[in-house]
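Before any comments, here is the structure.
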2 protein chains.
Amino acid sequence: MTLRKEVRKMVSKSDKMALERIREFGKQLLEQIKRGESPYFQMPTRTKGNVMFEEGDKTLSLGGRMSTRRFLNYAHTRKFMQSVMIAAATMEYIKSDRTVGKRELYYNLKHSLPNSKQNTFEDDTESGSVLDDLEASLNILREQFHVIAKGRGSIYGDLDLRQAGDEFSCKGLGRGGWLIPGYTEDVEFLNYNADFILAIENDAMMSRLIEEKAWKKLNCLLVTGEGMFPRGVRRFVKRMHEELKLPVIAFVDGDPWGFYIYSVLKYGSIQLAHLSDRYAVPDAKYLGMTMDDIETYGLEHVTEKLKDIDRKKIKEEMQYPWFKHSPEWMRQLKLMAEKGVRIEQQALANKSLAFVAEKYLPEKVEEGKFLP
Amino acid sequence: MTLRKEVRKMVSKSDKMALERIREFGKQLLEQIKRGESPYFQMPTRTKGNVMFEEGDKTLSLGGRMSTRRFLNYAHTRKFMQSVMIAAATMEYIKSDRTVGKRELYYNLKHSLPNSKQNTFEDDTESGSVLDDLEASLNILREQFHVIAKGRGSIYGDLDLRQAGDEFSCKGLGRGGWLIPGYTEDVEFLNYNADFILAIENDAMMSRLIEEKAWKKLNCLLVTGEGMFPRGVRRFVKRMHEELKLPVIAFVDGDPWGFYIYSVLKYGSIQLAHLSDRYAVPDAKYLGMTMDDIETYGLEHVTEKLKDIDRKKIKEEMQYPWFKHSPEWMRQLKLMAEKGVRIEQQALANKSLAFVAEKYLPEKVEEGKFLP
């Protein structure tokens with residue numbers, strides 16, 4: 001119990017803020033009711049039409065349009081009830097220092113309403129969407145509500161952390177690594193020795209770089225999200241970037257999907273536009289794979305032919321505001337379409353297994369050869 | 001370098017055996033050539049018709065049928081060349097203490113044959129299938145060739161390990177855990193304090209149990225494969241089971257997919273029938289979720305309706321020899337089909353978040369309420 005109390009103290013800042021906002025939310029509703037009004041609350045509209053690319057911040061964010069949710073509006077009543085239920089539940093989660101998964105939240109709150117055949121929630125899409133609304137309305141991260149995203153990602157490197165009363169290092173873990181959990185709001189950074197964060201697309205590339213001790217040679221932290229970086233991993237990368245002042249360098253496949261992973265890491269996603277400031281890393285850089293790498297490193301015979309779906313995605317990305325106005329990125333996208341090929345990170349193994357750690361990465365980092 | 005040498009000594013047993021068998025393989029081919037014969041080698045046939053359920057061992061394994069691969073058989077030449085290439089390459093991997101992913105292996109070995117337009121390998125399916133042949137022929141695990149499976153899984157609990165010169169604990173890692181790497185052949189078990197291994201289907205359930213400190217309360221090691229247990233995780237579980245003499249207890253969703261995960265954990269899979277003895281845990285037990293849990297714990301309103309694909313899988317599983325001859329399992333499968341519902345692990349959150357760790361699991365473990 002002492003331990004739990006100690007942990008509580010550590011996370012109090014994030015938790016305190018969340019608790020205050022939820023209480024404030026409840027108070028407002030109560031006052032509206034006392035005044036004889038139909039209770040309501042407001043939130044930014046999250047439809048695509050209200051999502052903008054901020055040239056200043058260089059992130060996707062929400063415009064100024066707001067929606068109102070009213071209890072005594074027949075079309076809103078169900079969602080209103082659900083919002084209040086979730087707000088109340090998350091308050092309990094925070095107080096008991098528990099975190100819940102998205103599906104667990106749904107199961108935790110599902111029950112039949114008295115004297116009716118109505119269920120509080122029919123599926124986790126319903127609860128998830130209400131949670132998104134609450135996030136936007138109260139301007140609190142889902143994680144700060146103690147509702148967690150899937151983990152699925154890991155880190156390796158010279159970084160000491162404290163979480164849930166434990167102190168541990170992200171190096172010295174054999175060939176494995178520290179599994180980044182869905183909830184990292186309470187992670188404290190104790191010590192680190194690294195010049196940058198290398199964000200790696202591919203799980204197998206992560207293994208290669210751990211094995212080659214690349215984190216030591218390059219003096220960096222290796223992070224992977226095993227494909228598309230899940231929310232929990234992006235949030236953790238963002239915190240390291242901000243609090244440890246470490247640059248983020250992306251190392252992904254040279255194809256529209258790798259470019260997309262980079263995009264989301266750097267600018268945010270449409271779904272989470274209301275939270276870009278807490279997920280996106282606008283000054284992230286792109287190390288590779290690039291279309292130029294194919295020639296530079298003689299990888300012509302280990303490219304993969306583009307499929308229709310790849311070409312479609314390339315066209316789509318040429319319309320992204322951040323690519324559209326970047327000559328370097330438009331050149332990459334055009335080169336890819338012209339050559340009709342993509343190049344995977346692991347294709348570097350064709351030179352030799354050690355090549356990526358001994359030549360490719362050190363050269364690029366040394367010369368600062370990055371795409372914006 | 002001293003470190004690397006030390007590691008080399010530690011893993012020497014598995015590596016030594018692999019190196020010997022590969023050398024023996026090469027020698028045989030050489031002798032055949034010297035005798036003026038067309039070189040050839042043999043391997044067990046891996047088609048479904050040669051896969052059997054061993055009632056004695058209680059695992060899937062290969063029957064006695066063998067195939068021969070001959071260099072001077074036009075239909076075999078390409079595969080023969082590929083087999084020798086891979087054998088030679090894995091020898092280098094072992095000697096340099098490197099492990100490679102399946103796709104990395106393909107990239108590492110792909111090149112054009114001199115004076116021809118032929119590539120050594122066209123894709124990683126080709127190299128993967130030859131690797132499977134070599135595994136069966138030389139009776140060496142893919143991992144012992146230093147070719148690794150995807151990791152994607154984690155462990156939490158009171159277990160100290162040594163790998164690649166590092167010593168570390170699988171507890172005290174905050175809300176995270178140790179990411180189980182694809183290669184665990186060189187893991188040494190130093191110390192542990194646990195009565196059993198709890199093999200958990202769901203990532204979010206793993207987080208719940210870490211948070212509730214279930215590994216401490218139940219004195220067990222928590223392992224998850226995040227859905228279907230990948231090969232690397234199964235191999236690690238098998239090693240812990242054998243070397244630490246820890247029983248394996250499965251905790252998965254109460255649906256045909258959870259049953260299937262359990263099946264593969266316990267009996268092996270058709271694809272890896274030639275290796276069941278090194279992956280399968282024939283005396284694993286099934287804790288839940290069961291169809292009876294729905295009534296016992298009052299979970300009727302948080303079941304999910306079966307879909308057509310679920311019903312199809314149930315019918316299929318009723319034909320599995322190990323379910324077919326088990327009255328307990330046939331009862332579960334029939335109950336599921338009759339009720340028309342499935343029950344997820346996380347549905348237990350409907351009682352309370354702590355319920356799974358404070359009541360459900362302790363009761364089942366205490367009373368030994370398992371399915372065979």
Side-chain angles (χ1 to χ4, degrees), chain A residues 93 96-112 119 148 150-152 154 161-169 171-184 186-187 202-205 207-208 210-212 226 301-302 344 346-350 352-354, chain B residues 93 96-112 119 148 150-152 154 161-169 171-184 186-187 202-205 207-208 210-212 226 301-302 344 346-350 352-354:
Chain A
Y93 302 154
S96 68
D97 192 32
R98 288 199 156 88
T99 62
V100 298
K102 191 187 157 200
R103 195 149 176 82
E104 205 175 19
L105 172 75
Y106 155 66
Y107 275 126
N108 192 217
L109 298 185
K110 181 178 183 178
H111 63 78
S112 303
N119 287 321
I148 61 174
K150 219 175 146 55
R152 199 170 51 86
S154 61
L161 303 176
R162 184 187 290 140
Q163 188 184 36
D166 298 328
E167 289 187 12
F168 52 94
S169 172
K171 71 172 194 296
L173 294 172
R175 301 177 192 267
W178 186 58
L179 184 101
I180 301 173
Y183 185 74
T184 54
D186 61 343
V187 167
N202 190 293
D203 186 36
M205 179 52 78
S207 297
R208 162 68 40 238
I210 291 172
E211 203 165 284
E212 305 294 333
E226 295 173 26
H301 61 301
V302 281
E344 294 181 7
Q346 292 193 274
L348 292 166
N350 193 246
S352 84
L353 295 182
Chain B
Y93 302 154
S96 68
D97 192 32
R98 287 200 157 87
T99 62
V100 298
K102 191 186 157 200
R103 194 148 178 84
E104 204 175 21
L105 173 75
Y106 155 66
Y107 275 126
N108 192 218
L109 297 185
K110 181 177 183 178
H111 62 79
S112 303
N119 287 322
I148 60 173
K150 219 174 148 55
R152 200 169 51 86
S154 61
L161 303 176
R162 184 188 289 139
Q163 188 184 36
D166 297 328
E167 289 187 12
F168 52 94
S169 172
K171 71 172 194 296
L173 294 172
R175 301 177 192 266
W178 186 57
L179 184 101
I180 300 173
Y183 185 74
T184 54
D186 61 343
V187 167
N202 190 293
D203 187 36
M205 179 52 78
S207 297
R208 162 66 41 236
I210 291 171
E211 204 165 284
E212 304 294 333
E226 295 173 27
H301 61 301
V302 282
E344 294 181 8
Q346 292 192 273
L348 292 166
N350 193 246
S352 84
L353 295 181

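So you know, we letter chains A, B, ... as the sequences are listed, proteins then strands, and number each from 1. These numbers come from the heavy atoms of this one structure, side chains and all, not from hydrogens, waters or symmetry mates.
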Worksheet entry | Part of Glu104(A) within contact of chain B (heavy atom distance under 4.5 Å) | both
Worksheet item: What's the shortest heavy-atom distance between Phe168(B) and Gly174(A), and which atoms?
Response: CE2-N, 3.5 Å
Worksheet item: Given a strict heavy-atom distance threshold of 4.5 Å, which part of Ser352(A) is in contact with chain B: side chain, backbone, both, or neither?
Response: backbone
Worksheet item: Between Asn119(A), Leu348(A), Val302(A), which residue shows the highest count of heavy-atom pairs closer than 4.5 Å to chain B?
Response: Val302(A)
Response to the item:
Note: vs chain A, highest number of non-hydrogen pairs under 4.5 angstrom among Ser112(B), Ser154(B), Ser169(B), Gly177(B) is Gly177(B)
Worksheet item: What heavy-atom pair brings Gly176(B) and Trp178(A) nearest, and what distance separates the two atoms?
Response: CA-NE1, 3.7 Å
Item to complete: Examine distances only and state if a side-chain atom of Glu211(A) and a backbone atom of Thr99(B) form a donor-acceptor pair shorter than 3.5 Å.
Response: yes
Practice prompt. Say whether, by atom type as modelled, one donor and one acceptor occur between the side chain of Arg175(B) and the main chain of Ile180(A) under 3.5 angstrom.
Written response: no
Practice prompt. Take Val100(A) and Arg208(B) through the test side chain to side chain contact (heavy atoms under 4.5 Å, CB included) and record every step on the way to the result.
Written response: CA-CA 7 Å; Val100(A) 298; Arg208(B) 162 66 41 236; 3.7 Å; yes
Discussion item. Given 3.5 Å as the limit, does a donor-acceptor pair link the side chain of Lys110(A) with the main chain of His301(B), or not?
Written reply: yes
Worksheet, complete the sentence: Counting heavy-atom pairs under 4.5 Å with chain A, the top scorer among Ser207(B), Ala347(B), Ala354(B), Ala204(B) is Ala347(B)
Worksheet entry | Top of Glu344(B), Glu226(B), His111(B) for chain A proximity - count of heavy-atom pairs under 4.5 angstrom | Glu344(B)
Worksheet item: Nearest 0.5 Å, what's the CZ-CD distance between Arg98(B) and Glu212(A)?
Response: 4.0 Å
Item to complete: Go through the steps for Leu173(A) and Gln163(B) under the test side chain to side chain contact (heavy atoms under 4.5 Å, CB included), then give the verdict.
Response: CA-CA 8 Å; Leu173(A) 294 172; Gln163(B) 188 184 36; over 6 Å; no
